[in-house]
S.K.: 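Below you'll find the structure I mean.
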2 protein chains.
Amino acid sequence: MIPNQPFRPAPVSARDKLLEAGVYLVRKQGFSATSVDQLCARAGVTKGAFFHHFESKEALGVALAQYWSASTGAFFASAPFHHLPDPLDRVLGYIDLRIALLAGPVESFSCVAGTMVQEAFLTSDPIRAACQASIMGNAAALEQDLAAALARSGAKGVTAASLARHVQAVLQGTFILAKTEGGESAAETAREELGHLRRYFEILLKPLN
Amino acid sequence: MIPNQPFRPAPVSARDKLLEAGVYLVRKQGFSATSVDQLCARAGVTKGAFFHHFESKEALGVALAQYWSASTGAFFASAPFHHLPDPLDRVLGYIDLRIALLAGPVESFSCVAGTMVQEAFLTSDPIRAACQASIMGNAAALEQDLAAALARSGAKGVTAASLARHVQAVLQGTFILAKTEGGESAAETAREELGHLRRYFEILLKPLN
DNA sequence: AACAACATACCGACCGGTTGGTATGTTGAC
DNA sequence: GTCAACATACCAACCGGTCGGTATGTTGTT
């Protein structure tokens, strides 16, 4: 979810540099395989600085999920599709933006929270909860538009909340399939994949009249 | 993907015991966080046995993906939905089976290959490739039925291969969302989530006449 | 304006334990 | 006697985390 640098300010404090290093390294290697020393080296700070700002590696994981959530949340909140008059257009606008973001190597568009929760859901409840908040926060931002689009459509037996979850599930699954493929071609396959999500919503939420 | 014991024979050789321990531990903790010592302890064998059968931890990862692929492949190949006359019913039968398998704690229905590739896609190409083979093998098994159902429908602009990929993406994404939720309730939410996949296929692949 | 008291940010050597991996047996089937 | 299938003992590198210390504010008192 969400590309790299241009959307986040250059980190200045040691804390921000460590979180930015966390985004980079967790995307590439996952959380467990990323050591505190690696984070410090990448951030250009010492171990003393690390444990001054975070009481443990786990605490950095939690902060990283929150940092990620705040960055992506702000980015999507400021996207122009919100100004479209039709709620369905706004939903499709979100999906189109997600499709447009799928470019470059996998580690530049994958989701930090989705990667972390995979490894930590049983071993660290704080990290699990922080990742849940991150992903479900993204879903919640879509829910109002989905509810409005749903009301105008003839669809039965589906809730806006469930549809919002579905968007996130397809995104996360797309990232995993992109990881199995690897390389630059993964982005194109991933874009095609999200086309199915778009099509489902087009058909399901088509206005009645 | 695929539940625990009842579908796999009880392991006898040290190699199989280690692979079975791998399924268990990787699902719970991921690949990096699982140590060789833990695998040996769980399997009830010594380190000597481990490195007798696998030349490295990475080699076990590759073998684990293959073992997983073989187990799940055999299970789905023997499922009764294959005998349904209508190809769309076979596709929906597969999805219904996947829905039925979503029960118990997350680590009892999540996918070993999907978990491993997340951590290893950049750091170990052999593991990445083995996980790709596992997941795409599952997709390939669906492709014929999807092609047949597609031919009877009026759907345009979609390929059977792309739809098969979509099934796997939604499954993998569903597992990740279940991990964020945690606990026993995750299975129910996951079943509801797969309902969207079913609905998409019902609508999209509805026969013309 | 001067100064003590305290807070914040950071450094890097060091610790005990764990890591993946190796070298060298032992044992039992053919 | 040979060889696969293990077991035991061990190693160097690395792990997350601690600790004593320093430099640079900030703040309240007089």
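Each chain gets a letter, A, B and so on, in the order its sequence line appears, and its residues count up from 1. Everything numeric in this text was worked out from a predicted model, so none of it was measured.
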S.K.: Under 4.0 Å from any atom of DNA chain C, heavy atoms only: list the residues of residues 114-122 of chain A that qualify, in numerical order.
M.R.: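 None, since no heavy atom is under 4.0 Å.
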
S.K.: Taking Glu181(A) first and then Arg165(B), would you say they form a salt bridge - that is, a charged N and a carboxylate O separated by under 4.0 Å?
M.R.: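 Looking at Glu181(A) and Arg165(B), the cut-off is met.
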
S.K.: Could you give the CD-to-P distance, from Gln29(B) to dT19(C), as a whole number of Å?
M.R.: 10 Å

S.K.: Can you tell me if Arg42(A) and Gln38(A) form a side-chain donor-acceptor pair at under 3.5 Å?
M.R.: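 No donor-acceptor contact under 3.5 Å links the two side chains.
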
S.K.: Measure the CD1-CD1 distance between Ile176(A) and Ile135(B) for me, rounded to the nearest 0.5 Å.
M.R.: 7.0 Å

S.K.: NA contact type, Ser35(B), heavy-atom cut-off 4.0 Å: base, sugar-phosphate, or nothing?
M.R.: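 Counting heavy atoms under 4.0 Å across all strands, the contact made by Ser35(B) is with sugar-phosphate only.
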
S.K.: Rounded to whole angstrom units, what separation is found between the NZ atom of Lys17(A) and the C1' atom of dC11(C)?
M.R.: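 Taking atom C1' of dC11(C) as the reference, NZ of Lys17(A) is at 13 Å.
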
S.K.: Would you mind telling me which residue lines up with the more 5' stretch of DNA chain D, Ala33(A) or Glu55(A), judged by nearest nucleotide?
M.R.: Ala33(A)

S.K.: When we call it a touch if two heavy atoms are under 4.0 Å apart, what does Lys47(A) touch: a base, just sugar-phosphate, or nothing?
M.R.: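 Base contact - Lys47(A) has a heavy atom under 4.0 Å of at least one base atom.
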
S.K.: Taking atom C1' of dC14(C) as reference, at what distance in whole Å does atom CG of Asp37(A) sit?
M.R.: 13 Å

S.K.: Working note: His166(B) + Tyr200(B), criterion ring pair (Phe, Tyr, Trp, His ring centres under 6.0 Å); need CA distance, chi angles, decisive distance, verdict.
M.R.: CA-CA 11 Å; His166(B) 184 58; Tyr200(B) 178 52; 5.4 Å; yes

S.K.: Atom CZ of Phe51(B) to atom P of dT22(C): distance rounded to whole Å?
M.R.: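 The distance from CZ of Phe51(B) to P of dT22(C) comes to 7 Å, rounded to the nearest Å.
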
S.K.: How long is the span from the CZ atom in Arg128(B) to the CD atom in Glu119(B), to the nearest 0.5 Å?
M.R.: 16.0 Å

S.K.: How close or far is atom C1' of dT18(C) from atom NZ of Lys57(A), stated in whole angstroms?
M.R.: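 To the nearest whole Å, that distance equals 13 Å.
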
S.K.: Between CZ of Phe81(A) and CG of Asp96(A), what distance do you get to the nearest 0.5 Å?
M.R.: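 Reported to 0.5 Å precision, the distance equals 10.0 Å.
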
S.K.: Quick check for you: name the first and last nucleotides of DNA chain D, 5' to 3', having an atom under 4.0 Å from a heavy atom of chain A.
M.R.: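 Going 5' to 3' along DNA chain D, contacts run dC15(D) to dT18(D).
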
S.K.: With sugar-phosphate meaning primed atoms plus P, OP1 and OP2, does Thr34(B) contact a base, only sugar-phosphate, or nothing at under 4.0 Å between heavy atoms?
M.R.: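 Result for Thr34(B) = sugar-phosphate.
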
S.K.: Would you kindly compare Arg15(B) and Phe50(A) by the position of their nearest DNA chain D nucleotide and give the one closer to the 5′ end?
M.R.: Arg15(B)

S.K.: Are more than 12 heavy atoms, taken from residues, nucleotides or ligands other than Glu202(B), located less than 6.0 Å from that residue's CD atom?
M.R.: yes

S.K.: Tell me whether the NZ or CZ atom of Lys57(A) lies within the 45° cone about the ring axis of Phe51(A) and under 6.0 Å from its centre.
M.R.: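 Verdict for Phe51(A): no cation-pi partner in Lys57(A).
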
S.K.: Can you measure from CG (Leu204(A)) to CG (Leu163(A)) and round to the nearest 0.5 angstrom?
M.R.: 6.0 Å

